[in-house]
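Heads up: the structure comes next, in structure tokens.
What's counted below: heavy atoms across the whole structure, side chains too, no hydrogens, waters or symmetry copies.
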Amino acid sequence: MEKSSVPLLGCNKPHLEKLTLGITRILESSPGVTEVTILEKVPAERHMISSWEQKNNCMMPEDLKNFYLMTNGFHMTWSVKLDEHTIPLGNMTINSISKLTQLNQSSMYSLPNAPTLADLEDDTQEAGEDQPEKPHFDSRSVIFELDSCNGNGKVCLVYKTGKPALAQDTEIWFLDRALYWHFLTDTFTAYYRLLITHLGLPQWQYAFTSYGISPQAKLGSEAKKQRMAFLL
């Protein structure tokens, strides 16, 4: 059973400093940034990982396993102060083991004969020369949600060869709201570094799509990224 997370202002513990790759100090020293908060989570126990693997018939990648043995999930937020208003901006999340659940393949609507994710799959969206083969919603792939991206899509851990799934067959992909897939990284470690580097800014994952970040999100975050870029 997971313990409640405790909000911490700042990164005043060595293990949290290591976990956040020092980004907390950078954010706290940046003009206009306020309320930098980390929810401290206890490490997962090894039996929790073994239970997840047995339940899902999937071997967890070693780097993700090591992450969970350090912290059972991750949630870091920060805000900016404009005039007298505090506006939430950055949100970095990795689901806990209990929330690392397989994407639902059942009907999308609670109606008879409603379409499933597999029914809605676009078979024309094939891999290009510089793009790996996309995941599939049917049994050809096994897909788990790492982050719901505040409703702007889903970052997923994808096993590309179905079950039983091997740790070395995983990649990290972004599923946008239109159910199109976009490749992010080969490993969880590489994705975690991307997450930290982009500071959890709204819709940052869309920078890895052909259409990019929405004008609204770009307008709100670009100035802050430029202000802090030299610190990174």
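Rounded to the nearest 0.5 Å, atoms CG (Leu201) and CG (Leu195) are 10.5 Å apart. Note: Leu184 CG to Leu175 CG = 11.0 Å, rounded to the nearest 0.5 Å. Taking CD from Gln54 and CD1 from Ile49, the interatomic distance works out to 12.0 Å, rounded to the nearest 0.5 Å. A distance of 8.0 Å separates CD1 in Ile97 from CG in Leu64, rounded to the nearest 0.5 Å. Atom CG of Leu157 is separated from atom CG of Leu100 by 6.0 Å, given to the nearest 0.5 angstrom. We find the CZ-OG1 distance between Arg193 and Thr185 to be 10.5 Å, quoted to the nearest 0.5 Å.
With hydrogens and angles ignored, the 3.5 Å screen pairs no side-chain donor or acceptor of Trp52 with any backbone N or O of Met60. No donor-acceptor distance shorter than 3.5 angstrom exists from the side chain of Trp204 to the backbone of Leu194, with no hydrogens or angles considered. Not a single donor-acceptor pair under 3.5 Å links the side chain of Asn152 to the backbone N or O of Pro202. Between the side chain of Ser30 and the backbone N or O of Ile26 there is no donor-acceptor pair closer than 3.5 Å. Side-chain atoms of Ser98 do not come within 3.5 Å of backbone N or O of Ser96 as any donor-acceptor pair. Between the Ser141 side chain and the His136 main chain, a donor and an acceptor come within less than 3.5 Å of each other. No donor-acceptor distance shorter than 3.5 angstrom exists from the side chain of Thr71 to the backbone of Tyr68, with no hydrogens or angles considered.
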Residues 84-94 side chain polar contacts: donor-acceptor under 3.5 Å, at least two apart:
unit_1	atom_1	unit_2	atom_2	d
Asn91	OD1	His75	NE2	3.4
Asn91	OD1	Thr93	OG1	2.9

Show me, pair by pair, the donor-acceptor contacts under 3.5 angstrom made by side chains of residues 160-168, not counting sequence neighbours?
unit_1	atom_1	unit_2	atom_2	d
Lys160	NZ	Glu133	O	2.7
Lys160	NZ	Glu171	OE1	3.1
Thr161	OG1	Asp169	OD2	3.1
Lys163	NZ	Asn56	O	3.2

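Looking at heavy atoms from C-beta onward, Ile38 lies out of side-chain contact with Trp78 at the 4.5 angstrom threshold. The closest side-chain heavy-atom distance from Ile196 to Phe74 is below 4.5 Å. Contact check for Tyr159 versus Pro61: side-chain heavy atoms found under the 4.5 Å cut-off. Here the side chains of Gln205 and Asp147 are in contact, with some heavy-atom distance below 4.5 Å. Looking at Val142 and Gln102, their side chains come closer than 4.5 Å, going by heavy atoms from C-beta outward. With a 4.5 Å cut-off on side-chain heavy atoms, Ile143 and Lys154 do not count as touching. Residues Phe188 and Thr170 have side chains not in contact (no heavy-atom distance under 4.5 Å, counting atoms from C-beta outward). The shortest side-chain heavy-atom distance between Lys41 and Leu19 does not fall under the 4.5 Å cut-off.
Hydrophobic clustering (ILVMFWY, side-chain heavy atoms < 4.5 Å, transitive): Leu69 and Leu146 are in one cluster. Phe67 and Met59 are members of different hydrophobic clusters when ILVMFWY side chains are connected at heavy-atom separations under 4.5 Å.
A tilted orientation is assigned to the rings of Trp181 and Phe137, their planes being inclined by 30° to 60°.
A donor and an acceptor atom, one from each side chain of Thr189 and Thr187, are nowhere located under 3.5 Å apart.
Not a single salt bridge (charged side-chain N to carboxylate O under 4.0 Å, His left out) links Glu45 to another residue, sequence neighbours left out.
A ring-centre distance under 6.0 Å is not found for Phe208 and Phe174.
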